[in-house]
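Just follow the structure's listing: the first ligand is 1, and inside any ligand the first atom is 1.
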Amino acid sequence: MSVDRRTQAQRLDAADPLAAFRDEFVIGEPDLVYLDGNSLGRLPRVTRDRLRAAVDEEWGVDLVRGWDRWIALAREAGEVLATGVLGADPGEVLLADSTSVNLYKLAVAACDARPGRRVIVTDDDNFPTDRYVLEGVAAARDLTLRVIRSDLDTGVSIAAVREALDDDVALVSLSHVAYRSGAIADVDAITRAVHDAGALMLWDLCHSAGAVPVPLRSAGVDLAVGCTYKHLNAGPGAPAFLYVRSDLQAELRQPIWGWFGQRDQFAMGPAYDPAPSMDRFLVGTPPVLGGYAALCGATLSASAGIDRIFAKSTALGDFAIELFDEWLAPHGFALASPRSGRGAHVTLHHHGAWQISQALREASVIPDYRTPDRLRLGLAPLYTRFADVYEGLDRLRTIMEAESWRRFSANRSRVT
Ligand SMILES: *Cc1c(COP(=O)(O)O)cnc(C)c1O
């Protein structure tokens with residue numbers, strides 16, 4: 001049977017319209033099965049070259065004159081993200097700050113735009129930074145954070161969102177793709193329900209951007225944030241993005257009044273007067289090198305096409321689930337992701353998940369461990385081959401058969 005599965009993987013790779021994109025990336029260790037591109041994407045070759053040129057020629061030679069070019073980078077990258085990755089319009093997306101900071105800026109702006117409403121809604125399976133930022137916004141403004149219960153494996157449900165809504169809700173903030181299970185939330189239905197209740201909707205797109213189509217325009221989403229270092233491959237610490245629907249931009253005010261959000265920035269005027277456009281959501285001097293990396297990464301994903309990327313991620317996940325059913329379920333694993341309606345990762349539950357993740361690293365397979373007892377396998381579609389899924393899960397099967405994972409301590413000393 002294992003020969004058949006290997007042949008199946010080879011055939012799937014041969015028929016993959018995105019197969020050539022793997023060559024666009026630096027592959028440092030050919031034997032390494034990298035299943036963590038949803039934590040940190042690989043380095044695109046074009047990005048490495050662009051960063052070298054930016055360092056040598058722009059910083060090294062142009063010096064401060066480089067700002068003539070760098071000043072437009074947040075908008076330039078935002079345009080590629082809007083039109084090539086996120087299904088938004090030009091002028092609705094900017095590169096800026098981190099996801100956490102952007103979430104804070106937009107959550108405060110949303111609460112200010114709904115004065116008198118006292119409740120923010122999120123769910124208990126939302127990413128930690130989202131829950132903490134919203135908790136902090138609620139605490140500082142004496143609002144209530146209403147936390148929906150979500151199933152760890154199937155994600156947030158429209159029924160639970162509806163139940164949490166009333167005319168006291170100012171803002172609902174959720175993740176589009178659940179970081180733990182990969183479950184995709186119903187953006188259309190949830191956004192509509194939130195609007196019917198008179199509240200604003202803020203989506204976190206960290207695990208969707210570059211992996212899953214995001215119906216921002218068609219669903220009429222108000223606000224969104226996301227990072228670029230996961231499926232957009234922009235590298236560690238690259239800046240995040242934020243989206244504000246065009247008709248809301250003039251109405252919303254974000255709380256960090258920096259000079260990059262000022263109407264006439266270089267007039268150096270006496271008082272804050274926010275730009276009438278999306279620029280008002282900027283704060284201060286942007287990270288230029290990370291900005292170039294985000295521009296390159298977004299351009300690469302846009303050239304592959306988000307629909308093709310999503311089709312491949314679904315096929316990779318389906319193949320991983322077939323192998324799970326055949327090879328891993330007999331060893332005590334349970335599927336902790338939906339069988340359909342998933343982002344680009346598949347999560348497996350096992351009581352020894354921490355030890356198993358250590359054994360996999362020793363076998364040159366990099367998965368992610370996620371609390372409480374889950375192994376998360378990121379299947380980044382631009383460079384993950386079906387053969388990698390085969391190889392990674394074959395090594396996992398060997399570890400389970402030999403029970404070699406039991407040698408590793410159950411004590412979690414480090415978590416990434
Ligand atoms: C990765 C991730 C973040 C990260 O936020 P940072 O500010 O970049 O640390 C936030 N939200 C979600 C859903 C994520 O998956």
Engineer: Is there a donor in the side chain of Thr122 and an acceptor in the side chain of Asn126, or the other way round, less than 3.5 Å apart?
Structural biologist: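 Looking only at side-chain atoms, Asn126 and Thr122 do form a donor-acceptor pair, the distance falling under 3.5 Å.
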
Engineer: For ligand 1, list the protein residues that place a heavy atom within a distance below 4.0 Å of one of its atoms, sorted by chain and number.
Structural biologist: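 These residues qualify: Ser98, Thr99, Ser100, Phe127, Thr129, Asp130, Ser175, Asp204, Cys206, His207, Tyr229, Lys230.
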
Engineer: Do the two ring centres, one from Trp259 and one from Phe266, sit under 6.0 Å apart?
Structural biologist: yes

Engineer: Do the two ring centres, one from Trp405 and one from His331, sit under 6.0 Å apart?
Structural biologist: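 Here the rings of His331 and Trp405 have centres that are no less than 6.0 Å from each other.
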
Engineer: Run the side-chain contact (heavy atoms from CB on, under 4.5 Å) check on Tyr179 and Lys230 step by step: do they pass?
Structural biologist: CA-CA 11 Å; Tyr179 79 99; Lys230 292 175 179 166; over 6 Å; no

Engineer: Do Asp125 and Arg180 meet the salt-bridge criterion of a basic N to acidic O distance under 4.0 Å?
Structural biologist: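 Counted as a salt bridge, because a side-chain N and a carboxylate O are separated by less than 4.0 Å.
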
Engineer: Could you walk me through whether Trp70 and Glu76 pass the side-chain contact (heavy atoms from CB on, under 4.5 Å) check?
Structural biologist: CA-CA 10 Å; Trp70 303 331; Glu76 196 184 334; over 6 Å; no

